[in-house]
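Beneath this line is the structure, given in structure tokens, with notes to follow.
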Amino acid sequence: MCQTMPETPAIQTQNLSKRFGRIEAVSSLDLTVECGEIFGFLGPNGAGKTTTIRMLMGLVRPSAGQAFIFGRPASSPQARADGRVGALVETPAFYEYLSARANLALFAELSGGADVKQIDTALEQVGLRGRERDKVRAYSHGMRQRLALAQALLPLPRLLVVDEPALGLDPQGLADVRKLLIDLNRQHGVTIFLSSHLLHEVEQMCTDVGVIINGRLVARGKVEQLLSQPEAKVELRVDDAARAAQELAHVPGVIRAEVWGASVSVVCPRGAIPDINELLVERGIRVQAIKPCAPTLEELYMQLMKGGEDANRTEAGTE
Amino acid sequence: MLTVLRLELNKLLARRGTYAGLVVLAVLVGLFVWGTKVHGPPVSQHIPMSGEFVLGGKILTAPMMAYIMLAVPVAIAVLIPLLVATTAGGLVAAEARDGTLRYLLTRPVSRLAVLGGKLLAGWAHAMGLTLLMGVLAVAAGYAVFGGGDLLVCEPTLAIFPESKALLHLLAAYLLAGTAMCAVASIALLLSVICDNPLTAAGITVAFLLVCAALEVIPYFEWLQPHLLTAHLQLYKHVLTSTLPVEKLVRSLAYVGAYATVPFILAAYIFHRKDIVC
């Protein structure tokens, strides 16, 4: 989908800021999302995620800075026309007195129109076939969320901006949406900008993430890059967890050793794991299993939330 | 803009509220026809004029019913402006409240086109309601009283033969509809400013009431010719024996200004507005 202008980022913001009265919702946001990425945009409530999305979609005027969609100013309708941008911004909203199909046709018409087959395909993709003639007022929240996703897919976009797409979906719906977004990205090259609170979902889906806190981007990079740490975290299953933790606490290089039920959770340099194993055996503690614990996005997120390492991560991620 | 207009008209036609307004209008026409038949003057009568003159003939006719519906304040000064304000006041505000405006504006269509389409839909609704009232009045009039000439006594006596009467009435209703378009423009402006459709409609009606009040306060004599309510009855100009061109053009200019200036303001505000609801 990005073959025409491979060098132009799908999304680019430069010093993008938005102030509502005395509150700075977004502050000097510099962000680039390349074509073909699935970009996860993370942040706590009120961090500025939705305001950023609103500025990207031309709904809110930036107080300073600029946003571009495929190289065109985001505020220009042309950017959304050329870029074929689909959007799901916040909660789904539809004309309650119209059927799902009529709603889709109406929104699609403003993007140049969609034929019956395209609408059928979009309904099929979100699992609403068979219910398309029902009035939207009869839809549950989950069905509205699916319909909102369907309208974003008409016509097939090059860029899909989705704000909390999993909101109100049951586990099956969640899995369907995840699969749909991944398929769109892999099979059609659709660039996806995804804002979500579900860190596990983001970790499973996204190639890149950005974390925004208090309107500022505090981390940005490839998921694996952000999660790669010099230290390893392992879970040691031993016959005497309390004594093992005590022994390991005095070993040089071990950063942390904590008892976790029948196991010990150890944070240490990667190369130190064989030595730790040997030491425990020497001290008469039998090691039954060593299980590496990969750092999760959630842990990184929580760290960032606490305010630690933010500057280092931004630099590491953007390099 | 034409796509937006078509979609807006589709939405209007799909809403029950639109038909509720039409039903109320039809009931009002029915009540007036029934009331005129039961409690009004005889269909044919002799009206004593000044001196020795006596006017005789069939007074109650289908064209007369259409004229009555224009002349009674409850229709053209109250009901239709209320219906127009309610619909036009919701064109933006209701969509903002429901969140659909957010989705409309993420589509590749300019805000000016969205607002322009909505304005044209508001105008079409205002004109449609006014013309519908005329059609209903003529149809009910023919059904109950039959055809005949139109006698208008205000400001001067004018008699229009049936064939010409219908043409004059068409022009009168078109002018009345044009005046209602100005009401729609004001309601649309308020719809952009307020995020509540009822507030927008309420302020529009309040604006008309204030204008009407100012019209009867002598202190505001200097202001009165410029008020919208002073030109809402511009239809009267085409129901006279001689067409007062200058007055008609002046009234049309005022109505035109009231129809376009609010839109220009609305477009400016809407263009700069942050859509946060």
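Letters A, B, ... mirror the listed sequences (proteins, then strands); counts begin at 1.
- Using a 30° and 60° split on the angle between ring planes, Phe107(A) and Tyr95(A) fall in the parallel class, below 30°.
- Taking every heavy atom of both residues into account, Cys194(B) and Ala93(B) meet most closely at O-CB, 3.5 Å.
- Contact residues of residues 261-272 of chain B toward chain A are His271(B), Arg272(B) (heavy-atom distance under 4.5 Å).
- At a heavy-atom cut-off of under 4.5 Å, chain A is reached by Val109(B), Ser110(B), Arg111(B) from residues 109-142 of chain B, listed in order of number.
- Applying a 4.5 Å heavy-atom cutoff, none of the residues of residues 73-90 of chain B approach chain A.
- Heavy atoms closer than 4.5 Å to chain B are found in the side chain of Arg54(A), but not in its backbone.
- The aromatic ring centroids of Tyr235(B) and Tyr173(B) lie 6.0 Å or more from each other.
- Both the backbone and the side chain of Leu88(A) come within contact range of chain B, each with at least one heavy atom under 4.5 Å from a heavy atom of that chain.
- In the model, Thr191(A) has no side-chain atom that pairs as donor or acceptor with a side-chain atom of Glu37(A) under 3.5 Å.
- Looking at Glu90(A), the atoms closer than 4.5 Å to chain B (heavy atoms on both sides) sit in the backbone and in the side chain alike.
- Taking non-hydrogen atoms and a 4.5 Å limit, the residue list of residues 1-16 of chain B in contact with chain A, ordered by number, reads Thr3(B), Val4(B), Arg6(B), Leu7(B), Lys11(B), Ala14(B), Arg15(B), Arg16(B).
- Only the side chain of Leu98(A) comes within contact range of chain B, with heavy atoms under 4.5 Å apart.
- Only the backbone of Ala108(A) has a heavy atom closer than 4.5 Å to any heavy atom of chain B.
- Of the atoms belonging to Ala102(A), not a single heavy atom falls under 4.5 Å from chain B.
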